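Just below is one structure, and these are the notes that go with it.
Since the structure is predicted, the reported quantities are computational estimates derived from the model, not experimental observations. For ligands, and for the atoms within them, numbers begin at 1 and follow the listed sequence.
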Amino acid sequence: MADKQSEWQWATVVEASEIATGVLRIELSPEQPTPVKPGEHVDVAVELDDRGDERSYSIAGASASGDRIALSVYEAPMSRGGSRFMHGLSAGDRLRITKPLQDFPLRVGAPSYTLVAGGVGITAIRGMASLLKRLGADYTVHYVGNSPERMAYLDSLVEEHGDRLVPHITAQRGRMSVAELIESVPRDAELYMCGPIRLMEEIKRTWERGERDMTALRFETFGNSGWFEPEAFEVSVPQYDVTVQVQAGESMLEALENAGVDMMFDCRRGECGLCEVDILQVEGKVDHRDVFYSERQKAPNKKMCCCVSRMAGGCPGKPARVVIETS
Ligand code: FES
């Protein structure tokens, strides 16, 4: 089994306040401050109804020494419990967090940059935009949201970045055209994105179709949205003679781990592919929520990343089902 060697520490909540509809900004004072780089996140030990778990949150802002860091957490309607726990925090609460972790580094020195944030994905993009401004780089930030009230930091971003900030507000101008966005990106630009899986999938597909350099496309996802609402389903692993129910609020990986199946994983966010399983049989639809596979790899439903992807399309009394083989 693979796991991240993270250094855990205690942190105290200094302040928690709603900064946009459904988005709570939580300012923390970690016991062992570390300066924070753009793109970094922390893992947080969260308490769910029946167990403890970990969630990853981008660092939305930090003091120079790192003695204050801010997270911005959207309370997802179909939360698996993590964002509900975070929204229950208030000043004085203590919680366990890791030191800042980097899975989404900004490469300095590209001819130009396009940053794309969807919803609360702005937390990962905001620090990058500030750094690029400080460096005098050529950059554009596209910020996609339903309405201004739901878009955290919108006013301060407009103030900081002026014309370099392009808001795409669905309630005002309809859905953003990904094709037009990619068309506007210089061929030599690097694109960094963080947001819902559907938006990132579309950007990735359009980028691929345009025969652009895939290494110039970088993304951060915490793998929490898919094509279908999460529902309970059944997974069978004949090689271990195991069949388990995956509840709507847990991942297939978690359900298999709880059943004692020794699983490989790393990111738990649909990015690294380490949790890949072979699909032997399906009843229902595979809801691929990862950004690891290309569209072509997903289409035949032969493999899935079980940390985020799930089954959908079941009905009362007959849940969706998948039979898999692990490596
Ligand atoms: S653990 Fe990385 S994709 Fe599942």
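- A donor-acceptor pair shorter than 3.5 Å cannot be found between the side chains of Ser72 and Tyr57.
- Every pair passing salt bridge (charged side-chain N to carboxylate O under 4.0 Å, His left out) that includes a residue from residues 107-116 is listed here, sequence neighbours excluded: Arg107-Glu190.
- The neighbour count for Lys37 NZ, taken as heavy atoms of other residues, nucleotides or ligands under 6.0 Å away, does not exceed 12.
- A tilted orientation is assigned to the rings of Tyr113 and Tyr192, their planes being inclined by 30° to 60°.
- Panel note: side chain Lys133, backbone Glu160; a donor-acceptor pair is recorded below 3.5 Å.
- For atom 4 (Fe) of ligand 1, protein N/O/S neighbours under 2.8 Å (waters excluded) are Cys275 SG, Cys307 SG.
- Remark: the Gln239 side chain and the Glu325 side chain contain no N/O donor-acceptor pair separated by less than 3.5 Å.
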